[in-house]
Amino acid sequence: QVNLVESGGRVVQAGDSLTLTCDANGDTLRRYSIGWFRQAPGKERESVAAITWSGAVTYYADSVKGRFTISRDNAKNTVFLQMDSLRPEDTSVYYCAQSRTRGLVTTAGQYDYWGQGTQVTVSS
């Protein structure tokens, strides 16, 4: 069983930066593509960013492009989401998810394992 754990969420001011971390038990995370998603109250879960197993290819939603950076450290079995220039509309629960493929995947249905989420709140 794959268990993903997100951390790093907290309350910040608009314009601040924050880094979220996704850790997994075992060593499966390093082998597969990982995605970050978010879901705000009353809204559907949306894809934020994704990264292939090697880190060579990444994807960003238009709403975060140029502000967020996804990266991974396979030696530490960890994936990061660096979030800069945060806006109130970035307020959400952020989830990391692991697929069972190595190529880039961007839709929620392509991911097999999910963490419990970490709350990010951006105040204006």
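We count residues from 1, following the sequence as given.
Of all non-hydrogen atoms in Ser17 and Ser85, the two that sit nearest each other are OG-N, 4.3 Å. Closest approach of Arg10 and Leu18 over heavy atoms only: NE-CD1, 3.3 Å. Taking every heavy atom of both residues into account, Gln13 and Ser124 meet most closely at OE1-O, 4.0 Å.
Under the 4.5 Å side-chain heavy-atom criterion for grouping Ile, Leu, Val, Met, Phe, Trp and Tyr, Val120 is connected to Phe68 within one hydrophobic cluster. Residue Tyr94 is grouped with residue Tyr113 when hydrophobic side chains (ILVMFWY) are merged at heavy-atom distances under 4.5 angstrom, including chains of intermediate members.
Of the inter-residue distances, the one linking Tyr59 atom OH with Thr106 atom OG1 reads 5.5 Å to the nearest 0.5 angstrom. Here the straight-line distance linking atom OH of Tyr60 with atom CG of Leu81 works out to 8.0 Å at 0.5 Å rounding. The distance from atom CD of Gln116 to atom OG of Ser7, rounded to the nearest 0.5 Å, is 13.5 Å. The distance from the OG atom of Ser71 to the CD1 atom of Ile34 is 12.0 Å, given to the nearest 0.5 Å.
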Verify salt bridge (charged side-chain N to carboxylate O under 4.0 Å, His left out) between Asp90 and Arg87, making sure each step is shown before the conclusion. CA-CA 5 Å; Asp90 294 319; Arg87 305 167 180 169; 5.3 Å; no
Could you go through the side-chain hydrogen bond (donor to acceptor under 3.5 Å, both in side chains) check for Gln82 and Thr19 one step at a time? CA-CA 4 Å; Gln82 172 69 37; Thr19 300; 2.4 Å; yes
Test side-chain contact (heavy atoms from CB on, under 4.5 Å) applied to Ile51 and Val57, step by step: CA-CA 6 Å; Ile51 189 167; Val57 182; over 6 Å; no
Evaluate Thr21 against Glu6 for side-chain contact (heavy atoms from CB on, under 4.5 Å), listing each step before the verdict. CA-CA 6 Å; Thr21 300; Glu6 304 93 339; over 6 Å; no
Could you go through Asp84 and Arg67, starting from their C-alpha distance and side-chain angles, then the distance that decides it, and tell me whether this counts as salt bridge (charged side-chain N to carboxylate O under 4.0 Å, His left out)? CA-CA 5 Å; Asp84 298 319; Arg67 300 188 298 122; over 6 Å; no
Please test Asp23 against Lys76 for salt bridge (charged side-chain N to carboxylate O under 4.0 Å, His left out), starting from the C-alpha separation and ending with a verdict. CA-CA 9 Å; Asp23 293 299; Lys76 296 183 178 179; over 6 Å; no
Val64 and Arg38: CA distance, side-chain angles, deciding distance, side-chain contact (heavy atoms from CB on, under 4.5 Å) verdict: CA-CA 12 Å; Val64 305; Arg38 66 186 182 187; 4.0 Å; yes
side-chain contact (heavy atoms from CB on, under 4.5 Å) between Gln98 and Leu4: does it pass, once the steps are laid out? CA-CA 8 Å; Gln98 180 187 307; Leu4 303 175; 4.0 Å; yes
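Donor-acceptor pairing under 3.5 Å is lacking for the side chains of Ser99 and Gln110.
In the displayed structure, Glu89 atom CD is contacted under 6.0 Å by more than 12 heavy atoms of other residues, nucleotides or ligands. Other residues, nucleotides and ligands contribute at most 12 non-hydrogen atoms within 6.0 Å of the NZ atom of Lys43.
Between Gln119 and Thr91 the shortest side-chain heavy-atom distance falls below 4.5 Å. At least one side-chain heavy atom of Ile70 sits less than 4.5 Å from a side-chain heavy atom of Trp36. Taking the side chain as every heavy atom from C-beta outward, Arg31 and Leu29 never approach each other to under 4.5 Å.
Here the side chain of Asn74 pairs a donor or acceptor atom with the backbone of Trp53 at under 3.5 angstrom. Checked by atom type and distance alone, the side chain of Ser33 pairs as donor or acceptor with a backbone atom of Arg102 at under 3.5 Å.
In the hydrophobic clustering, Trp114 connects to Phe37, Val93, Tyr95, Val105, Tyr111, either directly or through intervening members, whenever side-chain heavy atoms lie under 4.5 Å apart.
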